[in-house]
Amino acid sequence: MSSHHGNLKIYNSLSGQKEKFEPLHENRVGMYVCGPTLYSEPHMGNMRTFINFDMIYRYLLVLGYQVKYVRNITDAGHITNSLGEAEDSIGKAARMEQMQSLEIVYKYNVKFQELQRIYNLLPPSIEPTATGHIQEQIEHIEKIINNGFAYVVNGSVYFDVKKYSEKFEYGILSGRKVDELAEETRTLNAQDEKRFFADFALWKKANPEDMQIWRSPWGDGNPGWHIECTAMSTKYLGPHFDIHGGGMDLKFPHHEDEIAQNCGSLGCNPAKYWMHANMLNVNGQKMSKSLGNYFLPQEIVEGSTELFDKPYSPDVIRFFMMQAHYRSNLDFTSDALNAAEKGFSRLSDAVMLLDKLTVATNSSFNVGELVSSFYTAMNDDFNAPTLIANLFEAAKKINLINDGKETISKDDLNILSAHLTIFISDVLGLRIGTSNSDSKLSPVMDLVLELRQQARENKDWTTSDKIRDGLAAAGIVVKDTKEGTSWS
RNA sequence: GGUCUUGUGGCCGAGUGGCUAGGCACCAGUCUGCAAAACUGUGUACAGCGGUUCGAAUCCGCUCGAGACCUCCA
């Protein structure tokens, strides 16, 4: 479809380098991204990862790939707390909110779907749930046991890291060495069923207070944290697919253990390219529940968080996030958000000018080169910040054309216009010019501005300024240009 | 302690060894009834020290600082 199709480079966490992207099957891409655990409402930091992978998904689509994008929903699973004890976080939330586990999951899933709509995320091809794939998880565990990489103790099943590392390399993704892990035997207490510190649960025997319990060949229990991703990625994308993504904090142990499970069960690394999105910071520190420095995606749109003194539109937030590379940290501050808000509005204004430009027989600048720079930026490991810098170059040109200082031909204008739409709305997922389309307000504004124009023609500045100031107080900005007065 | 990332002008943030990143803010000017917007011009930025090189923000070493993971986390 696109001539820029074959030039994409992706930073692969496995190699630590940018690599030419060559899908396993021509023109088709399989992508799996670790989704949310629905025991609470996702915070802004969680959303950053999903927004980044949404951008990645969107660009792959623009390049003409047929993409199968799978993002799971974790609605079950045994998780260990800081003391090393088994603890079901969903069950815990359920007890605290006096609901059943399924109610908790459903409640936060509804919320999550709403957030996806607010932040303009494209729905993935499939959003499979862990609880819907218990049988597949059990089958994987059985395979791993049969291959000799897991053992059963008291109704639980553990992955045998030492056995595994005789044949495969444990730590290939995170750079950890099994020998070094061995030195950290401090937390291995006498009651622990694990043979080795780094062994991890594939299946965990049920506790009496567990709210969700499933039957298995090893007795009633819950699946381990990592096995659901192995089961679901295999089911929908096969044993080996193109891209596996997630937040940086999942690199170890979650993704490392996924690799071990996949190798242990199917003999291969699940993904060719591993991608990790960086964290969202607040005042230099990772946003997290435990630090309490988090806010909810809805709060910032409503302006109800104490961290910021005004609300920001979801598109401004998205724009702000896109100004930082997905592999970089990003700090949320009022100053940075205000700058993004103004910048986005400048870009929007320029785009909305496109329809009003007058065309010439020739263009005074190279439109093809400009458009090409959009692809170049994105082909370099999805460099959205550079793309935005190039979009601002386009905005500058549009303004100059509008001022009669540059010219553009009809064909070039069509090309530029089409590609701005592709990159701003299709790739970055930003919505432009949706604010002043209120059908009732529009005729009122036309009338008000007509009255003001009459006052101006009569040099009645008192009246015209009163109208302008009054509108400003109501949040409507009036701009006088050569072509007439506009408002927003 | 181990593994890894990182330190860019007032703020945010790209950066392939040599060619203006970009945005916001600031200053001056053009335009305008005034404003806003738009346009133009203006910034001796690359933590510190040393090394490689004709040339380093970019490569190497050391020092200092920051962060992530090693326990649930996007």
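Reckoned from all heavy atoms, side chains included, excluding hydrogens, waters and symmetry mates. We name chains A, B, ... by the order of the sequence lines, and we start the count at 1 in each one.
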Dot-bracket for RNA chain B, please. Rules: Watson-Crick or G-U, both distances under 3.5 Å, ( ) within the strand, [ ] when a pair crosses earlier ones, | for another strand, . otherwise. (((((((..(((.....[...)))..((((.......)))).....(((((..]....))))))))))))....

Could you tell me whether the side chain of A:R176 has a donor or acceptor atom within less than 3.5 Å of a complementary atom in the base of B:rC4? no

Using only atom types and a distance under 3.5 Å, with no angle test, would you say the side chain of A:S13 pairs donor to acceptor with the backbone of A:W274? yes

Report which part of the nucleic acid A:G45 touches: base, sugar-phosphate, or nothing (heavy-atom distance under 4.0 Å, all strands). base

Comparing A:N281 and A:N338 on RNA chain B - which has the more 5′ nearest nucleotide: A:N338

Using a 4.0 Å heavy-atom cut-off, does A:K251 contact any base of the nucleic acid, only the sugar-phosphate backbone, or nothing at all? nothing

Donor-acceptor pair, side chain of A:T407 and main chain of A:S364, under 3.5 angstrom: yes

Under 6.0 Å between ring centres: does that hold for A:Y158 and A:F200? no

Is any NZ, NE, NH1 or NH2 atom of the basic residue among A:E41 and A:K107 found under 4.0 Å from an Asp or Glu carboxylate oxygen of the other? no

Quick one: the side chain of A:R346 and the base of B:rA37, do they pair up donor-acceptor inside 3.5 Å? no

C1' atom, B:rC72 versus B:rA66: distance in rounded Å? 24 Å

Ionic contact status for A:E457 with A:R452, cut-off 4.0 Å: no

Determine the contact category for A:M287: base if any of its heavy atoms lies under 4.0 Å from a base atom, sugar-phosphate if only primed atoms, P, OP1 or OP2 are that close, otherwise nothing. base

Ring centres of A:F382 and A:Y11 under 6.0 Å apart? no

Rounded to whole angstrom, note down the C1' distance from B:rU53 over to B:rG18. 12 Å

Counting primed atoms, P, OP1 and OP2 as sugar-phosphate and everything else as base, the B/S/- map of nucleotides 6-19 of chain B against protein heavy atoms under 4.0 Å is -----SSSSS----

